[in-house]
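Computed from a prediction, not measured in an experiment: that's the story for all the values here. The figures that follow rest on heavy atoms only: side chains count, while hydrogens, waters and symmetry mates do not. For reference, positions follow the sequence shown, starting with 1.
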Amino acid sequence: QMANYREIRARRWKKRSNAAEADTPPSRDNSERAGSADYSGSDIKGIETIVGAVERSDQPWRQQADGRIDQLRKAGLEIRVVDADGNPLAGIPVHVQQNRHAFRFGGVVSGRSMHAPAPGHKPRRISPERYKKMFLELGFNTVGFNSYLKYKRRPMSQPYLPALFAWFQEHDIPVRGHCLIWPGGSFGNFMPPELSEMVYVPDPSINWSSLAKGVPRDNLTPSAKQAVRDLCQKMIEEASRQWPVFEWDVINETRDNHIVQDLVGKDVIVDWFQVARRNTRHRNALLYLNENKVISDPAFGDVTENMKRFENEVRYLLDNGAPLSALGFQSRFAKKTRPETIYKRLQYFEKFNLPIAATEVEMKNTIGDELERAAMTERVLTVLFSHRLVNGVYAWSILAQDHGSS
């Protein structure tokens, strides 16, 4: 990754790469470099100009953000150095190191990259040991899984999850849960086979374990509706009881995934939150509604239709007694967005006074080259960190070359 940064910087400012970089073929497998690279944040080669621009910035939005950060994210610290009798001592060197931050700087991991491959599967390009080492060096203080906690993935992930939870606990890294239910929609089928067969027209050519699209049923009988409700409740009960997570994305992407709700009634989403609240291992776990393209909506304007639709969904849940306790904005940006716009979009949801997490932070290739995406990453994280309701950010792709859907 750092080699890519250097190449981009050399091309942009028309500087010549050194001989060692010039001799490295672009197609070379970089698994060795990725496993041994410095992920501490101290190596900024290739993005020096971005760091320098941030340090020298006098932009009003950044000064305002820095002011909020000073007020919201920092606290005073007084150190008194005394002798054995309590008398003050002068001239004593003092070194202070912050070991943990209250804000949640999280990384979303590929569960399958963290353990040995199942029998018959080829080895990963990066070993589980290197993957874990890299995760720790990146300094994350919380973690989430791509797909390993989704009910649909249980047959694949169940044998490995206890050991993975134990490893994170050993390193004092709490785990967030994603997600308890992902009702079917236009993008694909994210439901387990037993639920898919209830709400889609049976088709022997469709592999229900895949993301293959199906044809939703037009309607269900009263008994079939109750069977769907019962199965959804069972799924949520089992997962929320089993895994010791500190927060759950209860439902994912209701804007485009509502086949179940259309068939059995929208009020079922209230039931899902109530079931989750009754069954979570951690009784005070935050319960999120997670959605895409809200603050990261590529549409123009400080307030977009996607934001209004999410607002309406939140209001419906709260007005009907759902114990919704936090808002999840995926924050996957596909275009350059003004920092002022991002902050105003966060302000739009202050009316609910609920914690906000940026659950799947990612900068898409459509933003530009590596340097442009790096600059946008810094912009987004600064704005998020400066807002009083944002409690955490989670990087979705912590290692692109070995980042699968699990």
Carboxylate-amine/guanidinium contact [X] [Y], below 4.0 Å:
X: R345; Y: D302; answer: no
X: R217; Y: E197; answer: no
X: D319; Y: R315; answer: no
X: R154; Y: E238; answer: yes
X: K293; Y: D256; answer: no
X: K308; Y: E305; answer: yes
X: E237; Y: R278; answer: no
X: K234; Y: E194; answer: no
X: R100; Y: D172; answer: yes
X: K133; Y: E137; answer: yes

Exercise for review: Report the residues that fulfil side-chain contact (heavy atoms from CB on, under 4.5 Å) with R388, sequence neighbours left out, ordered by chain and then residue number.
Suggested key: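 In terms of side-chain contact (heavy atoms from CB on, under 4.5 Å), with neighbours along the sequence ignored, R388 is linked to L72, E350, N353.
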Do [X] and [Y] come within less than 4.5 Å of each other through their side chains, counting heavy atoms only?
X: Y200; Y: V215; value: no
X: E247; Y: H178; value: no
X: K132; Y: M114; value: yes
X: S240; Y: L180; value: yes
X: N290; Y: I251; value: no
X: S157; Y: F145; value: no
X: W272; Y: V260; value: yes
X: R176; Y: D249; value: yes

Review point. With a cut-off of under 6.0 Å to the ring centre and 45° to the axis, is K266 in cation-pi contact with Y316?
Key: yes
**Study point:** F135 ring center within less than 6.0 Å of F168 ring center
**Key:**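 Ring centres of F135 and F168 closer than 6.0 Å.
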Check your understanding: Do the ring centers of H387 and Y343 come within less than 6.0 Å of each other?
Key ->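 Yes, close enough.
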Revision key, fill the gap. R277 and N284 have their tightest heavy-atom pair at NH1-C, 4.3 Å
Practice item. Compare every heavy atom of R379 with every heavy atom of T337, then report the nearest pair and how far apart it is. Key: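 Distance-wise, the nearest heavy atoms are O-NH1, 2.9 Å.
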Check your understanding: Which residues satisfy the salt bridge (Lys or Arg N to Asp or Glu O under 4.0 Å) test with K336, sequence neighbours excluded?
Key ->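 With sequence neighbours excluded, K336 shows a salt bridge (Lys or Arg N to Asp or Glu O under 4.0 Å) to E372, given in chain and number order.
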Point to revise | salt bridge (Lys or Arg N to Asp or Glu O under 4.0 Å) partners of R332, counting only residues at least two apart | key: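 By the salt bridge (Lys or Arg N to Asp or Glu O under 4.0 Å) rule, R332 matches E360, E362.
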Exercise for review: Look only at the side chain of S331 and the backbone of A358, and say whether a donor-acceptor pair between them is shorter than 3.5 Å.
Suggested key: no
Exercise for review: State whether the side chain of E291 and the backbone N or O of R255 hold a donor-acceptor pair below 3.5 Å, judged by distance alone.
Suggested key: yes
Review point. Using 30° and 60° as the class limits, which term best fits the ring planes of H171 and W167: parallel, tilted or perpendicular?
Key: tilted
